[in-house]
Amino acid sequence: MISIFQDHIYRIEDYIAAGGMVMVPLMVVSALMWTLIINRVFFFRGLYRKNMSRKAASEYIKAGEFPDARKYRGAIALLVTGFLQRRSGQTRLDRFILDETVIVIVSSLDRYLALIRVFAVLAPLLGLLGTVTGMIATFDIISIFGTGNAKAMASGISEALITTQTGLLLAIPGLYMSNFLSRRAENLKRRISSVGIYLRRYV
């Protein structure tokens with residue numbers, strides 16, 4: 001089992017080495033992008049789980065009681081808790097506080113999504129850069145040795161193809177996850193905003 005794992009590690013190292021220097025920023029972009037994606041996936045998952053209905057939220061607002069954290073942990077519970085923590089007791093002011101709480105929560109849903117999209121778009125551009133540097137290396141070899149040294153030419157062509165492949169392999173799932181997370185964020189925004197409007201009558 002250990003030998004198989006080591007063999008995979010060596011293959012990955014050889015793959016990265018064959019891609020040249022551009023593989024380093026590609027690996028950094030990959031690590032940052034997937035760290036942010038995983039962060040957002042768990043964040044949105046927590047907002048969808050153990051959610052409460054509008055009616056339950058209004059009952060907690062009218063009673064002035066915080067939702068039971070063991071029972072409710074979703075986006076609506078976060079809205080109710082945030083509002084009750086800042087509630088003033090004056091109806092007019094409390095409605096502004098409720099609206100502000102909605103805005104704060106809604107704006108937090110977009111955090112890191114633009115950065116994930118930037119990383120996903122940056123990956124194929126870095127891959128293209130690797131393609132250019134690989135082809136330049138190939139032409140340099142041709143200018144020195146001619147076309148007779150196939151082994152020397154192969155390293156430059158390999159660098160060009162590997163970086164292009166890596167850039168696309170990072171970009172495709174990155175863009176998919178970016179769109180997926182954006183849809184989740186939009187759904188939550190609509191839900192939170194509608195509940196915020198509904199709760200204004202109970203403030």
Side-chain angles (χ1 to χ4, degrees), residues 1 4-54 72-79 82 101-137 156-197:
M1 184 69 181
I4 295 173
F5 179 74
Q6 289 176 338
D7 184 51
H8 283 299
I9 294 295
Y10 291 143
R11 287 182 182 179
I12 292 170
E13 288 177 353
D14 291 341
Y15 182 83
I16 293 173
M21 291 300 296
V22 178
M23 292 296 288
V24 176
L26 275 171
M27 293 299 104
V28 172
V29 166
S30 175
L32 292 174
M33 183 181 72
W34 282 103
T35 298
L36 295 179
I37 287 173
I38 291 168
N39 173 278
R40 292 294 89 185
V41 166
F42 280 102
F43 176 71
F44 289 143
R45 185 185 179 195
L47 293 180
Y48 271 101
R49 294 183 68 188
K50 295 186 177 181
N51 235 321
M52 65 166 62
S53 63
R54 292 182 177 188
Y72 299 115
R73 292 182 184 177
I76 309 307
L78 185 65
L79 171 62
T101 306
V102 169
I103 292 170
V104 169
I105 296 173
V106 165
S107 62
S108 71
L109 300 176
D110 287 328
R111 192 174 301 154
Y112 305 136
L113 295 185
L115 195 54
I116 291 170
R117 198 171 295 110
V118 168
F119 285 141
V121 172
L122 183 60
L125 296 179
L126 288 172
L128 181 60
L129 176 62
T131 304
V132 174
T133 57
M135 294 311 296
I136 289 172
I157 296 171
S158 177
E159 178 182 337
L161 295 177
I162 286 173
T163 51
T164 305
Q165 180 189 46
T166 305
L168 292 173
L169 287 174
L170 292 177
I172 293 169
L175 288 172
Y176 172 80
M177 290 303 299
S178 174
N179 292 331
F180 170 75
L181 292 171
S182 295
R183 288 195 301 270
R184 300 271 284 185
E186 289 301 320
N187 290 337
L188 282 169
K189 284 178 187 178
R190 286 193 292 269
R191 181 182 298 182
I192 292 168
S193 298
S194 65
V195 172
I197 294 170

Subject >> Verdict with reasoning, Ile192 to Leu47, per side-chain contact (heavy atoms from CB on, under 4.5 Å) >> reply: CA-CA 10 Å; Ile192 292 168; Leu47 293 180; 5.7 Å; no
Residue list, side-chain hydrogen bond (donor to acceptor under 3.5 Å, both in side chains) with [X], at least two apart or on another chain:
| X | value |
| --- | --- |
| Arg184 | none |
| Arg49 | none |
| Ser53 | none |
| Asn179 | none |

**OP:** Could you tell me whether a side-chain N or O of Ser193 sits under 3.5 Å from a main-chain N or O of Arg190, the two making a donor and an acceptor?
**Re:**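 Absent.
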Compile the donor-acceptor pairs under 3.5 Å between side chains in residues 28-36 and protein atoms, sequence neighbours left out, one pair per line.
| from | atom 1 | to | atom 2 | distance (Å) |
| --- | --- | --- | --- | --- |
| Thr35 | OG1 | Ala31 | O | 2.7 |

**OP:** Show the numbers, then the answer: is there a side-chain contact (heavy atoms from CB on, under 4.5 Å) between Thr166 and Met27?
**Re:** CA-CA 9 Å; Thr166 305; Met27 293 299 104; 3.8 Å; yes
Original post:
Heavy-atom distance under 4.5 Å between the side chains of Arg191 and Asn51, does that happen here?
Top reply: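 Touching, per the 4.5 Å side-chain cut-off.
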Original post:
Mind checking what makes side chain to side chain contact (heavy atoms under 4.5 Å, CB included) contact with Ile172, not counting sequence neighbours?
Top reply: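 Ile172: no side chain to side chain contact (heavy atoms under 4.5 Å, CB included) contacts found.
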Subject >> CG-CZ distance between Leu188 and Phe43, expressed to the nearest 0.5 angstrom >> reply: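 Taking CG in Leu188 and CZ in Phe43, the distance rounds to 8.0 Å.
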**OP:** Kindly compute the distance separating CG (Asp110) from CG (Leu181), expressed to the nearest 0.5 Å.
**Re:**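 Rounded to the nearest 0.5 Å, the CG-CG separation comes out at 11.0 Å.
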Under 3.5 Å, which donor-acceptor pairs do the side chains of residues 118-131 form with other protein atoms, sequence neighbours left out?
| from | atom 1 | to | atom 2 | distance (Å) |
| --- | --- | --- | --- | --- |
| Thr131 | OG1 | Gly127 | O | 3.0 |
| Thr131 | OG1 | Ala160 | O | 3.3 |
| Thr131 | OG1 | Thr164 | OG1 | 2.2 |

Quick one: closest heavy-atom pair of [X] and [Y], and the distance?
| X | Y | value |
| --- | --- | --- |
| Arg40 | Leu109 | NH1-O, 4.4 Å |
| Leu26 | Leu170 | O-CD1, 3.5 Å |
| Ile116 | Gly174 | CG2-O, 4.3 Å |

Original post:
Around atom OH of Tyr48, are there more than 12 heavy atoms of other residues, nucleotides or ligands at under 6.0 Å?
Top reply: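 Counting neighbours around OH of Tyr48, more than 12 heavy atoms of other residues, nucleotides or ligands fall under 6.0 Å, so yes.
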Original post:
Within 45 degrees of the axis of the six-membered ring of Phe180 and under 6.0 Å from its centre: does Arg183 put its NZ or CZ there?
Top reply: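 No, a cation-pi geometry is absent between Arg183 and Phe180.
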Original post:
Are Glu186 and Lys189 within salt-bridge range, i.e. N to O under 4.0 Å?
Top reply: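 Lys189 and Glu186: salt-bridged.
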**OP:** Can you run down the side-chain hydrogen bond (donor to acceptor under 3.5 Å, both in side chains) pairs that involve residues 111-121, sequence neighbours left out, and say none if there aren't any?
**Re:**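 Applying side-chain hydrogen bond (donor to acceptor under 3.5 Å, both in side chains) to every pair that reaches into residues 111-121, excluding sequence neighbours, yields Arg117-Ser178, Arg117-Ser182.
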